[in-house]
Colleague: 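There's a structure below that I have some questions on.
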Amino acid sequence: MQAFRAPWRARRSSPSRPEAEAPVRHGLAPHHQVQLLWLLTVLVVVAAFITGPLALGSTESDIKTATVRLVPASAQLAKAARNFTAGSAGLLAATQSADPAARAAEINHLADFDTAANAAWNAYTRLTAHLPGEAKLRKEAEVDGQRLATAGIATLDPASETPATVAAFTAAASTQQQALAAIQDLYQSRINAVVTQADTSFGAHQRDLLIVAVAVLILTMISFTVVTRSIRRRYRIQLGEVRRNDLESGLQRALQMARTEDDCYTLVQRAIERGFPTMRSELLVADSSRAHFRQVITTRVAPGCGVMAPDDCPATNRGQTQQWPSSTDLDTCPHLVDRESGPCSAVCVPVGIAGKTVGVVHAIGPDHDPPSTSATADLELIARKAGERIGILRAFSRTEAQARTDPLTGLLNRRSLEAAVLDLTAQARPYAVAYGDLDHFKPLNDIHGHDTGDRALRLFAGVLRDGVRPNDMAARYGGEEFVVVLPDCSIADAYTVLDRVRARLADALHGGTVPAFTVSFGLALGEPDLTFGEIVEQADVALLRAKSEGRNRVILAAGTRHGPSEPAPDSALEPDMPSPA
């Protein structure tokens, strides 16, 4: 796993949930981008298919008109012109023929040309497209035709045939040909314009279709790229989620087997070293006063953050992950500036224990190359799981301590003391039992109030805790009564311990915070054939003797044996101070 990677970007804070690993992005999501691209593609294609036929509609109409009317009309005009020309040429030939028979045959043949010409002209007039200027030209052609017919009749009459009539016929024929040619030119120009327009329209339509095809191809490629990137990103996210789920489940199982905070710290170190082999990191946890940080784990070379207390750390102060791209930035963490190792990047993940942010995972990397979003999310997961387990362990510890100790004095309670004595009995270890009672506690409590009585009990509990040996077990047995079990202790040593407690109590009362009081003890030595309850009863009887004999003393239980090498202690120690009246 690569702990650090570019490109870098400052992420000043992040939520503690891994689902927030991804930063907030502005703009459309990948699938929305694909949908928009395909919508644009469909719109372009639809526009092309709609505007194309509309653009070609007029051209198609012109082509249809040219096919149905213009071209046939032009053909009929050409046919009429050919027949008129042929008839005019035949008539001129007949007038120039000297052979009457040949002339008569030629004249008879003129009727065929005239019939064909008139039929073609009539066909033209039915097909006329009514082009601009066509009506005027057609009228002129008809007038010229009439003039030609008149000149032709005059020419065919031998009596009136003269060079002048022939010349008039020739001029009329020429004028008619010019009129027909003008009409043909009009139709040919229109046909050429239609062809040119059709060619231009089809070319533009082909160009538009090509542009649409290229646009569709480009949009398809872009869509494919976006989809591919989206799939890859989703695949990477899924891989990250699978890996993070594996990390979470494995860490959860491991932490469930941790029985102490040190075990949790060891697991955190292993998880960081295994998941981020190139990362330099440390875990700082506040002490019980939450006034100072202490380093509990380090990986690779310790980064050595100079922060001293949770209140001085931006991550624990804000309760959010802090990422610093470069220690040279103006707004970087002040504890990153001017490190001996040089400029660096860092990420600091707060650790919450029992609802309070009391720790931080501090990891550093190369300058301008902080841990990636995925690596930061993994660190947040490790910190969160470790904090949860440590919080549970501390809650269990508090619950166990509350179950084992007296809530007012902090000493063992009666049940816990009896359970500890059972262990001593099972190990066959000898022990002595001291039963103590505060002298004249009821008057002190009644006169000065219960708060003063509670302070007196707490003061004596502290004196008793400090005065006994490390292995001795002191318990509040009820009210102002206390029982001390002294394992592996002779009667003489037990006297010494209890006398030290009495002396320290007198010293503690010199402060004047609590009215003066004393304590009396009854002492009994444990016997193999006696139960703990029976030994406590013997010590209690000795305590009653201490009370009756003046208090502020230690009395040995009657019948208590001591070793042959041990001198028998006095039955009572003289008080160091008078008992209060």
Side-chain angles (χ1 to χ4, degrees), residues 409 411-414 416-439 460-478 480-508 517-579:
T409 62
L411 299 177
L412 295 176
N413 56 30
R414 182 170 181 170
S416 299
L417 180 65
E418 291 173 349
V421 173
L422 286 178
D423 293 338
L424 293 177
T425 303
Q427 299 172 15
R429 294 175 59 187
Y431 59 88
V433 176
Y435 202 126
D437 183 88
L438 301 187
D439 298 327
F460 176 73
V463 170
L464 184 61
R465 187 185 299 109
D466 296 337
V468 298
R469 302 174 307 170
N471 293 332
D472 295 338
M473 294 172 287
R476 184 185 180 192
Y477 224 55
E480 68 273 18
E481 298 175 349
F482 298 85
V483 173
V484 182
V485 176
L486 302 95
D488 306 316
C489 186
S490 65
I491 289 296
D493 291 339
Y495 266 99
T496 301
V497 171
L498 299 176
D499 189 41
R500 182 169 62 242
V501 170
R502 293 171 55 250
R504 291 192 176 187
L505 176 60
D507 294 338
F517 65 92
T518 58
V519 61
S520 300
F521 286 103
L523 181 60
L525 190 62
E527 300 290 343
D529 54 347
L530 297 178
T531 64
F532 177 65
E534 293 172 339
I535 299 171
V536 171
E537 288 180 3
Q538 292 182 359
D540 189 20
V541 172
L543 172 62
L544 293 177
R545 285 181 51 205
K547 293 286 188 179
S548 64
E549 294 180 8
R551 296 180 174 83
N552 192 20
R553 63 192 65 226
V554 180
I555 297 295
L556 181 64
T560 300
R561 298 190 301 269
H562 49 82
S565 61
E566 299 175 4
D570 296 335
S571 61
L573 296 179
E574 293 299 327
D576 294 331
M577 58 180 292
S579 59

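The shown structure was predicted, so the numbers you read here are calculated from the model rather than taken from an experiment.
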Colleague: Would V433 and L523 count as a side chain to side chain contact (heavy atoms under 4.5 Å, CB included) here? Give the steps.
Modeller: CA-CA 6 Å; V433 176; L523 181 60; over 6 Å; no

Colleague: Say you draw a straight line from CG of N413 to CG of L417; how long is it, rounded to the nearest 0.5 Å?
Modeller: 8.5 Å

Colleague: Where the side chain of S416 meets the backbone of L412, is there a donor-acceptor pair that is under 3.5 Å apart?
Modeller: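 Pair absent, no side-chain N/O of S416 close to backbone of L412.
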
Colleague: So do L486 and V484 actually touch side chain to side chain, heavy atoms under 4.5 Å?
Modeller: yes

Colleague: Is there a side-chain contact between F482 and F521, using heavy atoms and a 4.5 Å cut-off?
Modeller: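 SC-SC contact between F482 and F521 ruled out.
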
Colleague: Taking the inter-plane angle between the rings of F532 and Y431 on a 0 to 90° scale, is it parallel (under 30°), tilted (30 to 60°) or perpendicular (over 60°)?
Modeller: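 Taking Y431 first and then F532, their aromatic rings sit tilted (interplane angle of 30° to 60°).
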
Colleague: Going by atom type alone, with no hydrogens or angles, which donor-acceptor pairs under 3.5 Å involve a side-chain atom of residues 462-471 and a protein atom two or more places apart or on another chain?
Modeller:
from	atom 1	to	atom 2	distance (Å)
R465	NH2	T409	O	2.8
R469	NE	D472	OD1	3.0
R469	NE	D472	OD2	3.0
R469	NH2	D472	OD1	2.8
R469	NH2	P487	O	2.6

Colleague: Could you check F517 against D439 for side chain to side chain contact (heavy atoms under 4.5 Å, CB included), going step by step and ending with a plain yes or no?
Modeller: CA-CA 6 Å; F517 65 92; D439 298 327; over 6 Å; no

Colleague: What closest approach, in Å, do A434 and L498 show between heavy atoms, and which atom pair accounts for it?
Modeller: CB-CD1, 3.6 Å

Colleague: Output yes when a side-chain donor or acceptor of R553 lies under 3.5 Å from a complementary backbone atom of E549, and no otherwise.
Modeller: yes

Colleague: Measuring from T518:OG1 to R502:CZ, what's the distance to the nearest 0.5 Å?
Modeller: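 Here the rounded value is 8.0 Å.
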
Colleague: Could you work out, with salt bridge (charged side-chain N to carboxylate O under 4.0 Å, His left out) as the rule, every residue matching E418, not counting sequence neighbours?
Modeller: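 E418 satisfies salt bridge (charged side-chain N to carboxylate O under 4.0 Å, His left out) with R414 only.
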
Colleague: Would you call the rings of Y435 and Y477 parallel, tilted or perpendicular, taking 30° and 60° as the class edges?
Modeller: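 Geometry flag for Y477 against Y435: perpendicular rings.
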
Colleague: What is the minimum heavy-atom distance between L424 and M473, and which atoms define it?
Modeller: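 So the two residues come closest at CD1-CE, 3.5 Å.
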
Colleague: So do the side chains of D499 and V554 get within less than 4.5 Å of each other, counting heavy atoms only?
Modeller: no

Colleague: Which atom names give the shortest non-hydrogen contact between A524 and A557, and what distance separates them?
Modeller: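 For A524 and A557, the tightest heavy-atom pair comes out as CB-CB, 3.9 Å.
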
Colleague: For E480, give me all partners under side chain to side chain contact (heavy atoms under 4.5 Å, CB included), at least two apart in sequence or on another chain.
Modeller: D437, L438, F441, L457

Colleague: For the residue pair R545 and L556, what are the closest heavy atoms and their distance?
Modeller: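 Closest approach of R545 to L556, heavy atoms only: NH1-O, 3.3 Å.
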
Colleague: Using every non-hydrogen atom in the two residues, find where A546 and S520 come nearest and quote the distance to one decimal.
Modeller: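 Between these two residues, the closest heavy atoms are CB-CB, 4.1 Å.
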
Colleague: Verify whether one side chain among D493 and S490 offers a donor that lies under 3.5 Å from an acceptor in the other.
Modeller: yes

Colleague: Say you draw a straight line from CG of L544 to NZ of K547; how long is it, rounded to the nearest 0.5 Å?
Modeller: 9.0 Å

Colleague: Decide yes or no for I555 and L543: does some side-chain heavy atom of the first lie under 4.5 Å from some side-chain heavy atom of the second?
Modeller: no

